[in-house]
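Notes follow once the structure below has been shown.
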Amino acid sequence: MYLYLRVARVFAGARLKADLDIGDTSQLALRVWPGDIDLYPEMNNGRYWAVMDLGRYDLAVRTGLVRLAHRKRWLFVVAGGSIRYRRRLPPFSRFRLRTTLAGPDGRWFYFIQEFIRRDQVAAQAVVRAGLRTKQGFVPSETVLEALGRKDWSAPLPDWVLAWTEAEKARPAI
């Protein structure tokens, strides 16, 4: 089941927190609940993806992107991602989800998201996401300009660029 209650909590909590600039990092304090675990017992690999939504929502609310997207009727879409698991997240353990916008490439925004437990990275992911309308995708430059951050840019890390190149090499589906 999707994390509807957690999403509502993140949206409500984000409105009470300080605003973030587009290049700032969002941090959420979370816990692994029984519905998150698999048979081993640890957080299920699929649940990581749903939990990462929470970090991007927090960042989007606190930067003003959610308000802007709602006003312009833009929809959020995820177009791909890659995750590396390093350490277990056992039931009831506390962890921090750190979300940073790594940068845009003209069409997409790239987020780096890390699950931190006991000051160690348990998992790290890159997520490619963007905004769209019924007519098509909204260029990242248009989004940044609408946010009043037309001048903002960040060079994507080499490993993210390598991942995007590897994605381009995949056969079309």
Side-chain angles (χ1 to χ4, degrees), residues 1-70 74-104 108-132 143 154 156-164 166-167 170:
M1 183 169 166
Y2 192 67
L3 311 171
Y4 294 108
L5 293 176
R6 288 191 208 173
V7 169
R9 183 174 173 229
V10 165
F11 270 85
R15 288 186 175 98
L16 300 174
K17 294 178 184 175
D19 290 346
L20 292 176
D21 188 42
I22 196 80
D24 290 343
T25 297
S26 158
Q27 290 202 60
L28 295 175
L30 300 168
R31 183 186 297 265
V32 179
W33 293 109
D36 299 333
I37 62 171
D38 56 22
L39 300 174
Y40 293 110
E42 61 190 14
M43 185 183 280
N44 178 275
N45 61 324
R47 186 61 93 180
Y48 282 84
W49 292 99
V51 170
M52 285 189 292
D53 286 347
L54 302 176
R56 292 190 309 277
Y57 292 152
D58 183 67
L59 189 62
V61 170
R62 295 174 66 195
T63 59
L65 184 56
V66 166
R67 192 176 323 114
L68 173 69
H70 181 73
W74 292 342
L75 304 173
F76 293 94
V77 294
V78 170
S82 178
I83 192 166
R84 180 181 282 181
Y85 304 100
R86 285 294 173 246
R87 291 174 182 80
R88 299 176 69 237
L89 290 178
F92 303 106
S93 62
R94 293 178 185 268
F95 64 94
R96 285 178 289 122
L97 175 62
R98 206 164 41 201
T99 303
T100 305
L101 177 57
W108 303 110
F109 289 97
Y110 294 85
F111 296 87
I112 296 174
Q113 297 191 265
E114 296 175 311
F115 292 76
I116 312 293
R117 180 173 178 250
R118 296 182 178 163
D119 295 323
Q120 292 186 314
V121 176
Q124 182 188 61
V126 59
V127 176
R128 177 177 46 224
L131 292 137
R132 66 167 288 127
V143 176
L156 293 172
D158 289 342
W159 68 272
V160 173
L161 291 171
W163 175 75
T164 63
E167 284 289 298
R170 293 175 82 167

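Nearest heavy atoms, P41 versus P91: O-CD, 3.6 Å. The two atoms that bring L65 and V143 nearest to each other are CD1-CG1, 3.7 Å, heavy atoms only. Shown here for L59 and L101, the closest heavy-atom pair between the two residues is CD2-N, 4.1 Å.
Although no hydrogens or angles enter the test, the distance criterion places no donor-acceptor pair under 3.5 Å between the side chain of R47 and the main chain of V32. For R88 (side chain) and A122 (main-chain N/O), no donor-acceptor pair under 3.5 Å exists by modelled atom type. When atom types are taken as modelled, the side chain of Y110 and the backbone of L156 share no donor-acceptor pair closer than 3.5 angstrom. Side-chain N or O atoms of D58 include none that pairs as donor or acceptor with a backbone N or O of G55 at under 3.5 Å.
Separation of atoms CD (E42) and CZ (R87) is listed at 13.5 Å; rounding is to 0.5 Å. Atoms CZ and CZ, from R86 and F115 in turn, are 14.5 Å apart once rounded to the nearest 0.5 Å. A distance of 3.5 Å separates CG in D53 from OH in Y2, rounded to the nearest 0.5 Å. Atom CZ in R62 sits 5.0 Å away from atom NZ in K17 (nearest 0.5 Å). One distance of note links CZ of R6 with OH of Y57; it measures 13.5 Å at 0.5 Å rounding. To the nearest 0.5 Å, atoms CG (D24) and OG1 (T63) are separated by 9.5 Å.
Between D119 and R96 there is a salt bridge, with a side-chain nitrogen of the basic residue lying less than 4.0 Å from a carboxylate oxygen of the acidic one.
Using a 4.5 Å heavy-atom cutoff, the side chains of L131 and V77 are not in contact. Residues M52 and I83 are in side-chain contact: their nearest non-hydrogen atoms beyond the backbone lie under 4.5 Å apart. Put simply, the side chain of P157 does not reach to within 4.5 Å of the side chain of V126, judged on heavy atoms. Counting heavy atoms from C-beta outward, W159 and I112 have side chains that approach closer than 4.5 Å. The shortest distance between side-chain heavy atoms of W108 and T164 does not fall below 4.5 Å. In this structure, W163 and R128 have side chains that are in contact, with non-hydrogen atoms separated by less than 4.5 Å. In this structure the side chain of W49 never reaches within 4.5 angstrom of the side chain of V78, judged on heavy atoms.
In the displayed structure, R31 atom CZ is contacted under 6.0 Å by more than 12 heavy atoms of other residues, nucleotides or ligands. Counted within 6.0 Å of CZ on R9, heavy atoms from surrounding residues, nucleotides or ligands total 12 or fewer; the atom is thus considered open.
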Test log, rule side-chain contact (heavy atoms from CB on, under 4.5 Å), inputs M43 and F95: CA-CA 11 Å; M43 185 183 280; F95 64 94; 3.8 Å; yes
